[in-house]
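What follows is a single structure, written as structure tokens, with notes after it.
Just so you know, these numbers use all the heavy atoms, side chains as well, and skip hydrogens, waters and symmetry mates.
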Amino acid sequence: MPVQGIFGNTVELLGKTLDLRAKRQSVIASNLANVETPGYAPSDLSFEGRLKDALKQGATPTATPHPRHILLKGASVSLDRVQGDLVQVTGSNMGPDGNGVEMESEMGRMAENQIMYNATVQLLAKKFEGLKQAIRGTL
């Protein structure tokens, strides 16, 4: 049974962001794989707005707790439900075969997504390092 709220929203948000960035990388890779497919329309995964909305909603309890239980603040169940939106990318250069994939644009989005993924991993590692130091008492 997972202990929700023990790490606060930060770890849960970073974990969900990693999942969605990996999913976005797969969507971009699919666009690149179909660069020569006639009539292919590229897509993208948009999720930043949904994550912000989920954080604004805050904690939504999944079950009625026991009256003597201590409620943990910051546990956001709504983050688990964020999946992102698959949207069609409209490019200015539509090929003669109807393919809308722009290789340079896709490679740029892939590089940006990879940088953001790596930054999120580093933030998560720092968070766990701080927790480890607190447990050891070396803070």
Side-chain angles (χ1 to χ4, degrees):
M1 181 173 137
V3 180
Q4 291 182 336
I6 194 168
F7 298 117
N9 279 347
T10 306
V11 171
E12 290 154 10
L13 174 65
L14 291 173
K16 189 61 174 181
T17 302
L18 286 176
D19 291 344
L20 292 169
R21 290 234 171 257
K23 200 172 172 182
R24 184 171 190 240
Q25 196 79 354
S26 176
V27 170
I28 296 170
S30 176
N31 291 342
L32 288 170
N34 287 292
V35 73
E36 294 183 7
T37 303
Y40 183 80
S43 2
D44 194 11
L45 186 70
S46 174
F47 58 87
E48 288 89 355
R50 295 280 183 173
L51 283 177
K52 286 179 186 176
D53 291 343
L55 286 175
K56 284 180 187 175
Q57 287 178 358
T60 54
T62 55
T64 306
H66 189 275
R68 295 183 62 176
H69 287 178
I70 298 171
L71 294 176
L72 296 174
K73 299 210 183 248
S76 181
V77 176
S78 57
L79 277 177
D80 293 338
R81 297 189 182 129
V82 176
Q83 296 299 316
D85 299 319
L86 200 60
V87 294
Q88 294 246 326
V89 177
T90 55
S92 58
N93 283 340
M94 183 71 75
D97 60 354
N99 187 307
V101 178
E102 296 175 1
M103 179 84 85
E104 294 81 15
S105 173
E106 295 298 319
M107 293 299 289
R109 287 189 313 119
M110 182 175 266
E112 175 193 8
N113 191 57
Q114 185 64 44
I115 290 168
M116 296 299 287
Y117 183 92
N118 291 341
T120 306
V121 167
Q122 289 176 355
L123 288 170
L124 196 55
K126 282 288 193 187
K127 180 73 173 176
F128 282 125
E129 184 61 35
L131 289 171
K132 194 163 62 170
Q133 287 178 355
I135 290 169
R136 288 183 182 155
T138 59
L139 266 178

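Open room surrounds CD on E36; 12 or fewer heavy atoms of other groups in view lie less than 6.0 Å from it. Surrounding NZ of K23 are more than 12 heavy atoms belonging to other residues, nucleotides or ligands, all under 6.0 Å away.
Closest of all the heavy-atom pairs between G100 and P42 is O-CG, 3.5 Å. The heavy-atom pair separating Q83 from L45 by the smallest distance is O-CD1, 4.0 Å.
Note that CG of N31 and OG of S26 are 9.5 Å apart. Values are rounded to the nearest 0.5 Å. The line from CD1 of I115 to OG1 of T120 is 11.5 Å long, rounded to the nearest 0.5 Å. How far CG of D44 is from CG of N113: 8.0 Å, rounded to the nearest 0.5 Å. With rounding to the nearest 0.5 angstrom, the CE atom of M116 is 7.5 Å from the CD atom of E48. Separation of atoms CG (D80) and CD (E12) is listed at 7.0 Å; rounding is to 0.5 Å.
In this structure, the side chain of D97 engages the main chain of N99 through a donor-acceptor pair within 3.5 Å.
At a threshold of 4.5 Å between non-hydrogen side-chain atoms, the residues Y117 and Q25 do not count as touching. At a threshold of 4.5 Å between non-hydrogen side-chain atoms, the residues T10 and L14 count as touching.
We find that E129 and K126 are not joined by a salt bridge, their nearest charged nitrogen and carboxylate oxygen being 4.0 Å or further apart. With respect to E106 and R109, a salt bridge is recorded, a charged nitrogen being found less than 4.0 Å from a carboxylate O. The existence of a salt bridge linking R21 and E112 is excluded, since no basic side-chain nitrogen approaches an acidic carboxylate oxygen closer than 4.0 Å.
Residues F128 and V121 share a hydrophobic cluster, clusters being chains of Ile/Leu/Val/Met/Phe/Trp/Tyr side chains in contact below 4.5 Å. Under the 4.5 Å side-chain contact rule for hydrophobic residues, V87 and V27 do not share a cluster.
Residues passing the side-chain contact (heavy atoms from CB on, under 4.5 Å) test with V82, sequence neighbours excluded: K16, L20, R50, L51, A54.
For the 3.5 Å distance criterion, the side chains of N118 and Q114 qualify, holding a donor opposite an acceptor.
Residue V101 belongs to a hydrophobic cluster whose other members are I28, L32, V35, Y40, M103, M107, M110, with links defined by side-chain heavy atoms closer than 4.5 Å.
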